[in-house]
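This report refers to the structure that appears directly beneath it.
Atoms within a ligand are numbered from 1 in the order they appear, just like the ligands themselves.
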Amino acid sequence: MKRPIFTVQKHRASRLHYDFRLEIGGTLKSWAIPKGPSLDPAVKRLAVEVEDHDLAYADFEGVIEEGSYGAGPVLVWDTGWFEPTDQGTAAPSAEAMWKAGTLDIRLHGHRLRGRFSLVRMKGRPRQWLLIKQRDKAARPGFQATEEWTTSALSGRSIEDVEREVAAGSLKTYRCG
Ligand code: MN
């Protein structure tokens, strides 16, 4: 069976944020995380559910064009594959967990590894929390977004992306 992908895109739109995306049901379910993911189990990060994206967008690095929603540079901060965490019962399905509002997953990325939970907040349908679970991959006190600022795929910084798009060697993207 093909492994479902995840991706985290660092996106400097009107505000810097990190788009966390999971391949579920043939699309990329997406959350915008203002402060970015953390490997510290003591940290809960707000993750606001946003519109699904096409699978083809998962490895996009470049600039979203002026006039499009989210205009600004994007880089792939992390990517890899994920699996629903075994709950000890029937084979877990990411789609069922997404619907139920508690996604327990194991990430196999360049930077994000091990078990994470995405939990929908009660009474706030689009607001979730991303929490690192305690395991060998947890790094208490580690400031992931400060330590890792560039693309996990290409090594580009946000400024490199802007420069390369201006020079015509990297793509722009038009939304909607
Ligand atoms: Mn975004």
Is the shortest side-chain heavy-atom distance between T7 and D19 below 4.5 Å? no
Reference residue W77; test ring pair (Phe, Tyr, Trp, His ring centres under 6.0 Å); the match among F6, F20, Y18: Y18
Would you tell me whether S117 and D104 have side-chain atoms, one donor and one acceptor, within less than 3.5 Å of each other? yes
Does R21 make a cation-pi contact with W31, if we ask for NZ or CZ under 6.0 Å from the ring centre and within 45° of the axis? no
Near the Mn ion (ligand 1), which protein N/O/S atoms are found at less than 2.8 Å? H11 ND1, H17 NE2, D19 OD2
When K10, Q9, K171, R156 are each screened for side chain to side chain donor-acceptor pair (under 3.5 Å) with E61, the one that passes is R156
Cation-aromatic face contact K132/F116, 6.0 Å, 45 degrees: yes
